[in-house]
Amino acid sequence: MTSQDITQELQARVASALQNNTPLCIQGGGSKSFYGRLPTGDILDTSKHSGIINYEPSELVITARAGTPLSVIETALVEHHQILPFDPPHFSDTATIGGTIACNLSGPRRAYTGAARDFVLGCKIINGKGEVISFGGEVMKNVAGYDVSRLMTGALGTLGVLLEVSLKVIPKTASEITLTVEHELARSLNKIHRLANIDLPISASCYDGIHSYLRLSGSEGAVRYAQQVIGGNELSSADSFWQKIKEHQHGFFNSDKPLWRLSVASDTQPIDITGKWFYEWGGALRWLISDAPVNVVQGAAQSAGGHATLYRGTDAMRNDCFQPLSPALYTLHKKLKHAFDPQGIFNPGRMYADF
Amino acid sequence: MGNSQLLKELGKIVANDALLHNKEDVKPYECDGLSAYRELPMVVVLPDTIEQVQAILQLCHRLDVPVVARGAGTGLSGGAVPHKEGVLLSLAKFKQIIHIDQNRRIAVVQPGVRNLAISEAVKPYGLYYAPDPSSQIACTIGGNVAENSGGVHCLKYGLTVHNIQRIKLITIEGELLTIGGDGLDSAGFDLLALITGSEGMLGVIVEVTVKLLPIPERAQVILAAYDDIEKAGEAVGNIISAGIIPAGLEMMDKLAIQAAEDFVHAGYPTDAEAILLCEVDGTNAEVSEHILKVREIFKASGATEVRTAKDEAERLIFWKGRKAAFPAVGRIAPDYYCMDGTIPRKQLPYVLKTISVLSAEYDLAVANVFHAGDGNLHPLILYDANNPGELERTEEFGGKILQLCVDVGGTITGEHGVGIEKINQMCVQFNSEELTQFHAVKFAFDTKGLLNPGKAVPTLHRCAEFGAMHVHKGKLPFPELERF
């Protein structure tokens, strides 16, 4: 892989955009261009700003430039029997670590080990004044200053251009199996909740409408023990099973209709919207394929204490892809946007209409 | 603005007994856990409803009065030191556990609930709240969120930011915001992370929803002694490299070992240069496997002695020595000053050697207690405040230790916060553009700068003055020392 530092070039592009007041559309591998509101502005290509800067397996930390392909990072980690704890989806071979962090995307493991934001230790960014600034660092514990690194995570590039990120990594466990049981939804969720109250090494869960699946990751003894407690059948080719769910290649996702992601209280009763449902994260994440109107889906998610995001849909629907914020929170978001990007040149309108 | 107008208007919001302004009444609030910094507030107000807090903040906003929020006052960086012309807003009356939900594994609590009280309340459900700062018996969850508190178990279980799901926050304008939700994430920016660790600069926390974990089936601790602190440091790296994330991994140096042993008789080997305490938890089978591995690694890394606690009683005794390390050091010196830098673990030998050189230079002894697993160092500088100039010398020495932490790629504070104490060192860690960005964040929440003024983020002017006195960033002191 090519390792290249193009900070100066990116900084010059930002400076000229500021001078001309022309919005920029920050883009790494372009694998998440489907996500969020429609991108606008001149493309600021960060994919050439790439390379692992520092990886110390015994420190559990990796630092890489934003354009580094996610696959390069995962390959480097595997050599040392380590993983990204948040299990990020790629959605394309071109996925970069910068895009992954900007979208805060996490996979099946998220409910059990944490989201991308939980493992971000530090970042270097170009802010909306064209300055290169750093926050956090490469250490596990750091409370100096506001947690800007985590604020950047999931901000969809609206607060700055990510140049580098430092992430905490974890060891890959010695043993991993997936158990599956056939039963109806209510029993599946009940069982998953009951098991989650015991200290078992569960690392993923899902329910496809017929079977529930539980992945166990731990030491051999821990996995064997949990298998006895849980019962069910062992799934062969479990790796590819979870891979397909993570990458939306599982048969469920094969549809031309809109795909919604509902993040709700885990014990929410089945939501009454016509469509196909798929459950992950012990019930806290629910995928919905449905033609239901935007306000119906988002209203239901809000009633369940959460929010709904349109993952795949028509361009017209993408205007409302994120759950509306309360007026007070919306105002605060605009103020924060102004704090980082006073001229509003980074990814305008990508998250919400006004910033 | 007169004192009397503020008191009169506050009197309309809270009852008389919730408003303290006589010198003897406000005296108990003059400092937090870092008693070197003291200030009397103009007035202390103890509301007991969210509406009262909203009204108080609206009032202060209208009258341009500074506000310092306070939980139990156990913080170690002066973050809750009052403002002499301001309101000290105590959240002490907010001590209800509102709701425990076993299915969702959460507890909704008021900010004045003590950290340990949460784990005690949810124990009947087989659950606990993981972050466990040493002050957990007294410190409150509101303060934990404000400081992003850690503890012995954060290498495996994370900091406060990883273990909360929702907060209710009141802005300086009196607006009640709900940040986070019942799901695992929420729409918009990650304000939950931004507020966590913001040291009372952005808003006042009035409710916290914490995540709970199932109590592990078994926990076991292994003690290893070393005749060389570098070997102990290597052993820590070897455990992590072997794919084990211990629940806790602590190191103490000779002076700390001896002080703790004299104090609580934990059975520590007092002739050792360093000891490691490694706790593994999980299912019975997993713990058994990990104990064997950890013992092997300790032996292979040259431990002079490896002991596994034979039962729960011995496990608690092993920990008692570590947990009592601060008061134990307090017995051997009139005063001590606790530092909180975090460093990449591999820099430990260099940092410890440099601290010992500085210790000789300043003629002040240092005991080192170390959250070794996550690189969080707590050097305790021993001094006597009654000796003229000794506190100033201690502060200068402490400042050099923090600068050293930054120079090796670490940070000035791992878990105690910046507060007043480390505000100058913020100028070492961040440049003026970065500090300006912090001020812009503050401005987005608190345009008038009324919440906890003078804490956490220094003004550029202050840094300019401080910089004139100090060696420039990036220059490693003691270049003659070997780097590891």
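Just the heavy atoms: all of them, side chains too, but no hydrogens, waters or symmetry mates, feed the values below. Labels below follow one simple rule: chain letters A, B, ... track the order of the sequence lines, proteins then strands, and each chain is numbered from 1.
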**Request:** Apply the side-chain hydrogen bond (donor to acceptor under 3.5 Å, both in side chains) test between B:Thr342 and each candidate in B:Thr413, B:Asp374, B:Asn376, B:Thr411; give the one that qualifies.
**Result:**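 With B:Thr342 as partner, side-chain hydrogen bond (donor to acceptor under 3.5 Å, both in side chains) holds for just one option, B:Asn376.
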
For each of [options], tally heavy-atom pairs with chain A at distances under 4.5 Å, and name the one with the top tally.
options	result
B:Glu147, B:Gln165, B:Glu217, B:His371	B:Glu217
B:Gly158, B:Ala440, B:Ala187	B:Ala187
B:Leu191, B:Ile106, B:Asn284, B:Thr196	B:Leu191
B:Ser288, B:Ala285, B:Gly410, B:Pro216	B:Pro216
B:Ile245, B:Ile412, B:Asn238, B:Leu212	B:Ile245
B:His439, B:Glu199, B:Arg166, B:Lys442	B:Lys442

Would you please say whether a donor-acceptor pair under 3.5 Å links the side chains of [X] and [Y]?
X	Y	value
B:Asn148	B:Glu415	no
A:Ser205	A:Tyr112	yes
B:Glu234	B:Ser301	no
B:Asn144	B:Thr160	no
A:Glu79	A:Tyr55	no

Between [X] and chain B, with a heavy-atom cut-off of 4.5 Å, which part of the residue counts as in contact: side chain, backbone, both or neither?
X	value
A:Ile198	backbone
A:Phe340	both
A:Glu131	side chain
A:Ala301	neither
A:Ser134	both
A:His81	neither
A:Leu262	neither
A:His193	both
A:Asn127	side chain
A:Arg286	neither

**Item:** Point-to-point distance, once rounded to the nearest 0.5 Å, from CG of B:Asp182 to OG1 of B:Thr209
**Value:**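 Between B:Asp182 CG and B:Thr209 OG1, I get 7.5 Å after rounding to 0.5 Å.
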
**Request:** Can you measure from OG (A:Ser326) to CG (B:Leu177) and round to the nearest 0.5 angstrom?
**Result:**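 Atom-to-atom, A:Ser326:OG and B:Leu177:CG are 6.5 Å apart.
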
**Item:** Best-contacting candidate, A:Asp118, A:Thr331, A:Asp147, against chain B by heavy atom pairs under 4.5 angstrom
**Value:**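 Sorted descending by pairs with chain B, the first entry is A:Asp118.
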
**Prompt:** What residue, out of A:Val143, A:Thr309, A:Ile133, A:Asp267, has the most heavy-atom pairs lying under 4.5 Å from chain B?
**Reply:**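 If we count pairs closer than 4.5 Å to chain B, A:Val143 comes out on top.
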
Contacting region of [X] [heavy-atom separation from chain A under 4.5 Å]:
X	result
B:Asp185	both
B:Thr436	side chain
B:Ile239	neither
B:Glu175	side chain

**Prompt:** Quick check: does any side chain N or O of A:Gln11 sit under 3.5 Å from a backbone N or O of A:Gly130, one acting as donor and the other as acceptor?
**Reply:**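 Looks like yes, one N/O pair under 3.5 Å.
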
**Prompt:** Looking at A:Glu59 and B:Lys346, does any basic side-chain N land under 4.0 Å from a carboxylate oxygen?
**Reply:**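 A salt bridge is absent here (no side-chain N lies under 4.0 Å from a carboxylate O).
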
